[in-house]
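Quick note on labels: first sequence line is chain A, next is B, and so on, each numbered from 1.
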Amino acid sequence: MLSIKYIRENPEVVQAAISNKGEKGDVHEILRLDKKIRQLIHDVEAKKAEKNRTNSQIVEANRNSQDADQLIKKMKKLSAEIKMGDSDLTQSRHQLNELLIWVPNIPHESVPVGVDESTNVEVRMRGEAPTFDFEIKTHLDLGTSLHLFDFERAAKISGSGFPLFTGKGAKLERGLINFMLDYHVQRGYKEVYTPFMTLPAANEATGQLPKLKEDMYFVERDNLYLIPTAEVPVTNIHRGEILSEDELPIHYVAFSPCFRREAGSYGKETRGLLRVHQFNKVELVKFVKPETSYQELERLTRDAESILKELGLHYRVVALSTGELSFAAAKCYDLEVWAPGENRWLEVSSCSNYESFQARRANIRYRRKDGKLEFVHTLNGSALATPRLTIALLETYQTDEGSVMIPEILQPYVGETVLK
RNA sequence: GGAGGUGUAGCAUAAUUGGUAAUGCACCGGUCUUGAAAACCGGCGUCCUCACGGACUUGGGGGUUCGAGUCCCUCCACCUCCGCCA
């Protein structure tokens, strides 16, 4: 959420961001309510001050055994007026909040302007697309023939879109997760293991709600959402807290399964592991001081992509343009890995700086050395999501025999040099 | 799931029959000192306001009352015991 002060002072910037991101949001109505609320605060607080004075007079009268009937009458009247004013105020604040929660974050000045992926900017690329002197298979063919996963049986259990990994496929999945966790812990991230179901308030804090409600699994009976990313529980670790300047920056790494309804995305895009309702992911989350957040974004992106580098995969880093930027992000790099069998780039990570947008919703602040309170900046990025990483690994390291070589760094984690 | 208890600032502890949150420690700044400690002074929960000031704050929400930390209802968290389950 943006600060009302910022909107008040930069209405045209906010309106432009709403348009660029294709969001709804009514700046005029927001400003009207804001004005009304500030007037109400002024009026009601004046009455409350009068009430507090009158109460003191009653105490004084009682102490001197004087008649306080007139004063009590006055208190009654004031109390009734205050009650009405407070009620109006609460309602107006609620209305304003309902509008503010739909206003997206403002893109950083370095974000390329444009409406779709055609205006994204490739920042850097590593390696080259592997070439093969035999007819290559897709990950689905490889995984099926090597018995790494079994989508037909998985559908019996949960319907389509829920992977079932078997044997060495399961071992590969577990190995990837452990490799990535160990790797980031070594680089100074603190490992956390979180709840996988979260309260509505936690999802509003990170910006998943209200916009992405349709994409979330929800357990109505207990009023809990299944997490679509570890970003939600990890960011909420510090919800409502005031951190000290000394403990910043905070770097977390978390493994979690992720649950996404992926409403309305059926078709061949969902073949195999391309787009699934449940997948595993290692996530990096940072809480930092505002002045360092863009530096931290670069480092976070480097940390995430180093997994691809270590695994020897061909990938590129793409800076999203304003139209592609998610609701809560001010700037975002996507990591895309090359999948030879699919013959295209696959997104395996989004590394975003939310600036104070999430911190304001989640009320996460820190106290500067000079005593002033300020919102932290939050960042996060996948490092990485396993399904598309697995696709790239299988398709990149396949052999003419239909087996798959395991990159050396991963071998201790999988306990194999080759899947055959 | 059942019964009982607890919840006050970073921590720890107060608040007659309801009268509007007191104190200690820790922390920050200042005075003093060669420096530090001690002592003393100030700050030490949030919001509005250019400011002066003012308002709010006892786990959350609601109610009674002119007035609620205090009385009532409700939800939450934690503790103790019982039951159930892996």
Chemist: Quick one about A:Thr399 and A:Ser403 (side-chain donor to acceptor, distance below 3.5 Å, no hydrogens or angles considered), yes or no?
Modeler: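 Side-chain D/A pair, A:Ser403 to A:Thr399: present.
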Chemist: Using heavy-atom distances to pick each residue's nearest nucleotide on RNA chain B, tell me which of A:Arg93 and A:Lys76 is more 5'.
Modeler: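 Result of the comparison: A:Arg93.
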Chemist: With a 3.5 Å cut-off and no angle check, do the side chains of A:Glu231 and A:Thr206 form a donor-acceptor pair?
Modeler: no
Chemist: When you compare the side chains of A:Asn280 and A:Glu173, does any donor N or O come within less than 3.5 Å of an acceptor on the partner?
Modeler: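 Side chains of A:Asn280 and A:Glu173: pair found under 3.5 Å.
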Chemist: Determine whether the side chains of A:Asp141 and A:Thr138 contain a donor N or O and an acceptor N or O closer than 3.5 Å.
Modeler: yes
Chemist: If you check every side-chain atom of A:Ala49, which of B:rU46, B:rU49, B:rG54 has the closest atom?
Modeler: B:rG54
Chemist: Out of B:rU49, B:rG19, B:rG54, which nucleotide sits closest to the side chain of A:Met75?
Modeler: B:rG19
Chemist: Side chain of A:Lys83 only, heavy atoms from C-beta on: which candidate in B:rC66, B:rU49, B:rU64 is closest?
Modeler: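 Of B:rC66, B:rU49, B:rU64, B:rU64 is nearest to the side chain of A:Lys83.
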Chemist: Just to confirm, is there a sub-4.0 Å distance from OP1 or OP2 of B:rG19 to any side-chain nitrogen or oxygen of A:Asn52?
Modeler: no
Chemist: What does the 5'-to-3' dot-bracket notation of RNA chain B look like when only Watson-Crick and G-U wobble pairs under 3.5 Å count, and pairs to other strands show as |?
Modeler: (((((((..(((......[...))).(((((.......))))).((((....))))..(((((..]....))))))))))))....
Chemist: Please determine whether any donor N or O and acceptor N or O are separated by less than 3.5 Å between the side chain of A:Asn55 and the base of B:rG19.
Modeler: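 Yes.
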Chemist: Distance under 6.0 Å and angle within 45° of the ring axis: does A:Lys213 meet both against A:Phe218?
Modeler: yes
Chemist: On RNA chain B, compare the nucleotides closest to A:Lys73 and A:Ala46; which residue's is nearer the 5' end?
Modeler: A:Ala46
Chemist: Please tell me if A:Ser79 has a side-chain N or O lying less than 4.0 Å from either OP1 or OP2 of B:rU65.
Modeler: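 Answer no for this pair, as no side-chain N or O of A:Ser79 is under 4.0 Å from OP1 or OP2.
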Chemist: For the side chain of A:Glu45, counting heavy atoms from C-beta on, which of B:rC66, B:rA55, B:rU49 is nearest?
Modeler: B:rA55
Chemist: Assess the pair A:Phe196 and A:Phe259: is the distance between their ring centroids shorter than 6.0 Å?
Modeler: no
Chemist: Looking at B:rA55, B:rG19, B:rC47, which one has an atom nearest to any side-chain atom of A:Val59?
Modeler: B:rG19
